[in-house]
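These notes concern the structure reproduced below.
The sequence lines fix the lettering, A, B, ..., with proteins before strands; numbering per chain opens at 1.
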Amino acid sequence: MASAVTTTFSRTAQRSKLSSFFLHTANYKSCSGINTNDALTSFYDMLQMKPSPQISSFNKLMGAVAKTKNYQDVIFMYHRVVEANLVPDSFTLHILLNCYCNMKRVDLGFGVMGGIFKRGYSPNIVTFSTLINGLSMEDKIGDAVVLFNKIIGMGIQPNIIAWATLINRLCKSGNAEVALWLYREAGKSNGRSDLILKPNLKFYAMLIHGLCKDGSLDKGKQLFSEMKGRGIMPNLVTYSGLIHGLCEGGEWEEAKRFFIEMVDQGIRPNVIVFNILIQAICKSGKTDEASGLLNLMIQIGEEPNSFTYTTLMNGFCMENRIEDAKDLFALMEAKGCKRDVVCYNVLINGYCKCQKLEEAMRLFKEMVRDECKPDLITFNTFLTGLFQVGKVEDARALFANMERYEVTPNFSTYRILLDGYFNNNCFAEAIELFNTLEISGFDLDIETYNCVLDRLCKARKLDLAIELFKRLLEKGLVPTVVTYSIMIHGFFKNNCHAEAIELFHNLERSGFVLDIDTYNCFFDGLCKAGKLELANELFERLFEKGLVPTMEKEGCAPNLVTFNTLMQGFCSCNDAPKFGTRIRFNMSCIRKQSIMEHVDTAEHNQMVTNCQLLKVLLCNIKEV
DNA sequence: GTAGGGTTAG
């Protein structure tokens with residue numbers, strides 16, 4: 001899309017009344033609603049005036065454009081100002097700094113701070129607050145806290161804006177406990193009453209919401225009471241945050257209690273709090289109840305918005321009720337509610353989930369016609385769906401089309417392609433893609449390596465797997481239990497029993513904490529390799545060492561898979577009677593309630609089959 | 001004239 005700058009500068013600049021508006025408006029805020037094109041016309045106009053207007057007039061214009069989030073345009077304007085030999089002042093530089101931070105280029109922001117020094121100004125609390133915000137936006141909350149500490153060390157006193165920036169970002173990044181601690185600290189006087197951060201409704205709201213979202217529900221509720229105790233009365237937004245936090249933390253009953261309390265206080269719920277409730281109800285699988293809430297909203301005259309419809313549509317899609325989702329999609333249009341990219345994505349995902357790819361494609365075309373630009377999530381969703389039904393050709397074509405829509409593939413996109421190629425027997429293509437990603441310096445994580453290792457092992461390309469395993473170590477990646485399970489399984493599958501056993505023993509000796517899946521994988525390999533004695537020995541050893549109870553403590557308890565694997569192994573060998581005691585023991589373990597919890601259907605069915613088989617077998621087994 | 005601030009969807 002062409003920026004407003006290009007369009008403005010491609011046409012002859014016209015002297016506009018706006019120019020004089022910017023030259024003479026005392027109150028900058030009064031021009032916040034300005035259209036970027038008009039602002040740029042005025043800007044170009046002002047640049048040509050002789051004598052040049054004051055830098056402050058240019059600042060007003062740049063500030064106005066920055067408010068419209070057209071940061072690229074502000075940067076363009078900054079360069080034109082410098083080229084025109086105008087001297088940027090501290091305000092100009094701070095506007096520029098804020099633009100870079102909002103564009104998630106805090107590195108360039110720090111560069112601007114250099115410029116602030118170079119031009120003889122000193123960074124102030126505004127500079128640092130902006131940078132703290134910029135760092136947080138790039139998920140560098142730790143660096144933001146370090147910077148905050150540093151400025152205090154430099155003797156710069158944070159003001160309420162600096163505190164609000166940091167506390168808000170901490171709450172949003174899952175660090176509400178830290179935020180609360182800081183808030184408490186900021187509330188202490190340190191002998192200077194002018195520096196105390198006074199109790200404040202918005203700070204409380206941020207903290208309550210954050211604490212609940214992070215799972216500290218009791219602390220959140222406690223803070224809510226504390227706030228009321230201090231005479232700060234919660235309003236709709238405070239209640240919404242609390243209710244949302246409680247819903248996210250799974251305390252639906254509590255959320256409902258506060259909703260009722262809010263209504264009793266005479267606070268009328270708005271569309272946002274309804275949306276929060278609808279989402280929570282959908283998540284608990286009661287989509288019809290959520291649908292009832294939509295009707296209630298309409299009844300009381302609270303207009304549902306695109307969030308409302310989309311949330312509910314997503315609820316239906318998750319239950320494979322695509323027709324209901326489609327009806328809602330139609331209702332949305334009938335009610336004059338604009339369908340945005342999220343809404344289309346939800347429905348495309350729904351169609352993909354129930355494998356109606358033609359419908360998904362129709363919708364994709366419709367959204368383009370509707371001038372709704374597909375985004376990264378549209379493509380990632382659609383690609384996943386196409387690969388799932390084996391439409392590899394269509395997936396390739398869609399991927400090739402991303403550029404046309406100015407959407408850059410991300411790491412998830414490549415993972416979808418990689419998995420998709422592997423799952424659809426395009427082994428060579430998958431490996432080629434992986435190699436390209438590796439060479440192009442893509443930051444591949446251990447999970448991606450695990451995926452490729454697994455496929456290589458399963459394709460009996462053990463040499464390549466070993467080579468790749470060495471390479472990931474060289475890269476400094478740390479293998480996980482999954483990596484080792486894959487390798488152990490790979491060795492067994494490729495008949496390298498000795499290597500599998502050696503690897504397992506090395507891991508045990510080195511004190512590496514194995515999980516039950518790794519043990520199961522090892523047991524499975526041993527059983528299939530006919531090494532029942534070894535499997536039995538290991539199992540006995542685990543008991544002798546008291547390791548089985550330890551395994552239980554560490555969430556690594558033997559599960560149904562363990563017993564199923566061992567039972568099958570013991571039964572299928574020629575001298576099954578030898579393991580009679582073990583088989584009986586395993587069966588009694590299986591009957592234990594704890595083993596039966598969290599068992600999937602397939603595993604359960606396997607168990608039933610095993611048990612039936614075993615009953616027959618056991619009849620022929622003499623007690624040992 | 002420059003920074004921040006409470007709630008919602010994929």
Side-chain angles (χ1 to χ4, degrees), chain A residues 22 25-31 54-64 66-67 88-99 101-102 109 112 116 121 123-134 136 158-169 171-172 200-210 212-213 227 234-245 247-248 262 269-280 282-283 304-315 317-318 340-350 375-378 380-381:
Chain A
F22 279 103
T25 318
N27 182 5
Y28 156 80
K29 291 219 158 57
S30 67
C31 55
Q54 298 274 312
I55 187 70
S56 61
S57 301
F58 287 97
N59 291 345
K60 276 181 211 161
L61 264 176
M62 288 168 65
K67 284 269 187 290
D89 66 4
S90 171
F91 293 104
T92 328
L93 295 167
H94 281 99
I95 294 167
L96 182 71
L97 169 63
N98 193 35
C99 285
C101 287
N102 281 318
V112 175
I116 290 175
Y121 307 112
N124 55 23
I125 190 63
V126 178
T127 326
F128 293 117
S129 299
T130 311
L131 286 168
I132 285 167
N133 199 28
S136 315
N159 59 12
I160 191 165
I161 297 180
W163 281 114
T165 307
L166 190 67
I167 287 177
N168 176 39
R169 293 298 179 177
C171 287
K172 290 210 165 120
N200 172 309
L201 179 65
K202 289 183 184 175
F203 277 86
Y204 270 115
M206 286 191 264
L207 289 161
I208 292 165
H209 185 214
C212 292
K213 272 222 281 208
M227 179 186 76
N235 60 8
L236 174 63
V237 183
T238 327
Y239 271 110
S240 307
L242 177 67
I243 291 167
H244 182 234
C247 288
E248 293 260 290
M262 180 184 87
N270 66 355
V271 59
I272 296 179
V273 75
F274 270 116
N275 291 346
I276 291 169
L277 296 175
I278 287 175
Q279 190 200 15
C282 283
K283 273 189 185 160
N305 61 14
S306 61
F307 279 71
T308 326
Y309 291 111
T310 308
T311 308
L312 205 49
M313 271 169 56
N314 190 48
C317 290
M318 290 302 103
D340 59 13
V341 62
V342 185
C343 163
Y344 274 105
N345 288 348
V346 163
L347 203 56
I348 287 177
N349 185 40
D375 65 5
L376 187 60
I377 295 178
T378 321
N380 286 354
T381 306

Fill in the blank from the handout: Taken to the nearest whole Å, CG/A:Leu166 to P/B:dA3 is 18 Å
Does [N] have OP1 or OP2 under 4.0 Å away from a side-chain N or O of [X]?
{"X": "A:Gln279", "N": "B:dA9", "answer": "yes"}
{"X": "A:Asn168", "N": "B:dG4", "answer": "no"}
{"X": "A:His94", "N": "B:dA3", "answer": "no"}
{"X": "A:Lys172", "N": "B:dG4", "answer": "no"}
{"X": "A:Lys213", "N": "B:dT8", "answer": "yes"}

Heavy atoms under 4.0 Å, any strand shown: does [X] hit a base, just sugar-phosphate, or nothing?
{"X": "A:Asp375", "answer": "base"}
{"X": "A:Val273", "answer": "nothing"}
{"X": "A:Thr310", "answer": "base"}
{"X": "A:Ser129", "answer": "base"}
{"X": "A:Leu201", "answer": "base"}

Completion exercise
Of the listed B:dT7, B:dG5, B:dT2, the closest approach to the A:Asn270 side chain comes from B:dT7
Handout entry: Among B:dG6, B:dA3, B:dG1, the one nearest A:Thr238 by side-chain distance
Key =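 Selected nucleotide (nearest to the side chain): B:dG6.
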Practice task
With sequence neighbours excluded, tell me which residues meet side chain to side chain donor-acceptor pair (under 3.5 Å) with A:Lys172.
Solution key: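 For A:Lys172, the residues satisfying side chain to side chain donor-acceptor pair (under 3.5 Å) (neighbours in sequence not counted) are A:Asn168.
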Exercise for the section: Just jot down the side chain to side chain donor-acceptor pair (under 3.5 Å) partners of A:Ser240, sequence neighbours excluded, or say none. Expected result: none
